[in-house]
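Contents: one structure, followed by commentary.
All ligand and atom numbering here is 1-based and tracks the order in the structure. The chain is numbered in sequence order, starting from 1.
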Amino acid sequence: VAGHGARIVLEDGRELVDGTGQGSSAILGHQHPELIEAVSRAASAPILTEVNASPLRDEAAELLFEIAFTGEAWAGAVRFCTSATEAIDLGLFLAQTVTGRAPLVARDLAYHGAAGLARDAGTHPLWFGGLASRTGGWQTAPGHAQPRRLPVPSCGSGETGDCTNAGCRSHCFDDAVALLSGAAAVVSDFGSGAIYPSPTYQDQLAQVAHETGTYWLQDEAVTGFGRLGCWFSFQRANSRPDMVALGKAFTGGAVPGGALVLSEDLVAEIGDRRWQTGSTLRGNPVTLAAMTTVLRIVERDELVARAHRLGTVLGDLLTDLASAHPSVERVGGEGLLWSIELRADRRHAANEWRGDGADQPFSKRVSAAAVDHGALVSTSGGSGLWLAPPLVIEEDELRLIANALDAALSEVEQREGSIS
Ligand SMILES: Cc1ncc(COP(=O)(O)O)c(C=O)c1O
């Protein structure tokens with residue numbers, strides 16, 4: 001019912017540390033006074049649809065490039081959207097249009113959004129967009145398109161590979177040229193499905209995309225705006241994408257919003273052709289006000305450096321947690337984005353479970369127990385927990401989350417014995 005900073009208040013008066021950041025969106029925390037003020041002020045401005053030119057939109061675009069994309073000279077244009085899902089759908093459709101190719105490529109266990117081509121590019125079994133039966137089984141729409149699939153990178157599953165040793169390279173890239181050849185776009189991200197590709201992986205993938213004439217869209221829905229200790233995940237490596245999709249933190253989670261950023265080269269490819277797409281609420285004044293406020297605060301309060309510093313603390317806390325609990329299989333992440341993979345029963349394994357059945361997965365039971373110890377922690381499928389707290393979180397609040405998880409894991413482990 002209320003919140004402040006990284007805290008969220010329940011109806012019964014209990015106050016929890018919000019380790020979820022509301023799906024990673026609430027980077028400024030809850031009820032940030034400057035965000036409330038900016039959004040309220042914008043709500044009293046005239047209502048403008050995307051088809052009306054607006055100086056407000058131009059200024060917001062300039063500010064996005066000036067603050068978040070500083071030093072990224074390759075970035076050429078931005079189209080505001082209503083969500084990351086929409087930005088990804090728009091980008092993939094644009095790639096199909098420009099290349100005249102239909103196939104899309106994504107890696108296994110990836111999630112990119114809930115509608116359109118963003119949903120079609122998703123490969124995570126759980127968020128497939130269809131119906132899961134409470135008594136078992138699932139159903140999806142006939143003809144539901146599937147992307148071509150890259151394997152989960154070895155470096156993302158907790159192994160030490162970084163694409164430089166031969167085994168690692170062949171696991172990820174032996175089939176990549178064939179997969180990307182004739183495809184319109186490859187979409188990649190850092191973190192969905194608890195997979196964290198290395199910088200070298202990104203550079204290798206970018207190279208294959210370049211060689212095959214396939215556009216590369218980087219999904220920064222979760223990682224954009226500082227969460228990893230850099231403005232965007234692609235900045236961890238040397239290569240640069242053709243398109244970047246933004247959302248979530250883009251408006252601090254306060255109002256819907258997202259954006260698709262295009263490279264100069266892609267803008268040149270479009271040339272003087274008109275891009276025949278419009279949508280009523282894209283670039284809405286309230287969205288723009290939220291975005292510009294978030295940009296200014298992230299810069300002024302040095303939240304990117306803060307995410308980097310606190311990420312080291314959180315990483316250490318979670319590593320300790322993993323060594324203390326037999327039910328933890330691995331932890332992974334960077335900055336203020338981490339996941340804890342649990343030894344769940346096979347039915348709820350990340351690469352299998354579709355959300356069906358009556359029984360509550362292990363991850364849900366741990367997350368419910370964590371609430372009793374003062375922390376709100378998301379599940380990531382049946383076998384994972386996901387931490388993406390506000391960037392304004394305090395160090396002692398991170399400790400509180402780790403302690404709550406420690407207590408919750410102990411409780412569930414004791415209650416249920418060993419995990420099969
Ligand atoms: C990696 C990733 N990409 C894209 C999306 C889609 O974002 P939204 O649901 O805000 O459109 C999500 C949502 O969770 C996500 O985790």
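Considering both main-chain and side-chain atoms, Asp189 never comes within under 3.5 Å of ligand 1 through any nitrogen or oxygen pair. Considering both main-chain and side-chain atoms, Ser192 never comes within under 3.5 Å of ligand 1 through any nitrogen or oxygen pair.
Counting only heavy atoms of the protein, atom 3 (N) of ligand 1 lies nearest to Asp219 OD2, 2.6 Å. For atom 16 (O) of ligand 1, the closest heavy atom belonging to the protein is Val222 CG2, 3.4 Å.
The contact set between ligand 1 and Ser83, taken as ligand atoms under 4.0 Å from a residue heavy atom, comprises 11 (O). Atoms of ligand 1 found under 4.0 Å from any heavy atom of Gly113, numbered from 1 in the order shown, are 6 (C). For ligand 1 and Lys248, the ligand atoms under 4.0 Å from any heavy atom of the residue are 7 (O), 10 (O), 12 (C), 13 (C), 14 (O). Those atoms of ligand 1 with a heavy atom of Ala221 less than 4.0 angstrom away are 2 (C), 3 (N), 4 (C), 5 (C).
Taking the six-membered ring where the residue is Trp, Phe234 and Trp74 present perpendicular rings, their angle passing 60° and hence far from 30°.
Comparing heavy-atom distances from atom 1 (C) of ligand 1 across Trp386, Trp127, Tyr111 singles out Tyr111 as nearest.
Ion pairing between Arg347 and Glu352 fails under the 4.0 Å rule for side-chain N and carboxylate O.
Checked by atom type, the side-chain pair Gln207/Ser239 shows no donor-acceptor distance below 3.5 Å.
Residue contacts with ligand 1 for Ala84 involve both N, CA, C or O and side-chain atoms from C-beta outward (heavy atoms, distance under 4.0 Å). Under 4.0 Å from ligand 1, heavy atoms of Thr85 appear from its side chain as well as its backbone.
Residue Glu394 is tested with Arg306, Arg309, Arg7 for a salt bridge (Lys or Arg N to Asp or Glu O under 4.0 Å); the sole match is Arg306.
In this structure, Thr20 contributes its side chain and Val377 its backbone to no donor-acceptor pair below 3.5 Å. At least one donor-acceptor pair closer than 3.5 Å links the side chain of Lys248 to the backbone N or O of Gly23.
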Salt bridge (charged side-chain N to carboxylate O under 4.0 Å, His left out) between Asp301 and Arg296, intermediate numbers included: CA-CA 8 Å; Asp301 296 350; Arg296 289 197 169 102; over 6 Å; no

Pair Arg300-Glu34, salt bridge (charged side-chain N to carboxylate O under 4.0 Å, His left out): steps then yes or no: CA-CA 13 Å; Arg300 182 197 67 198; Glu34 288 167 88; 2.8 Å; yes

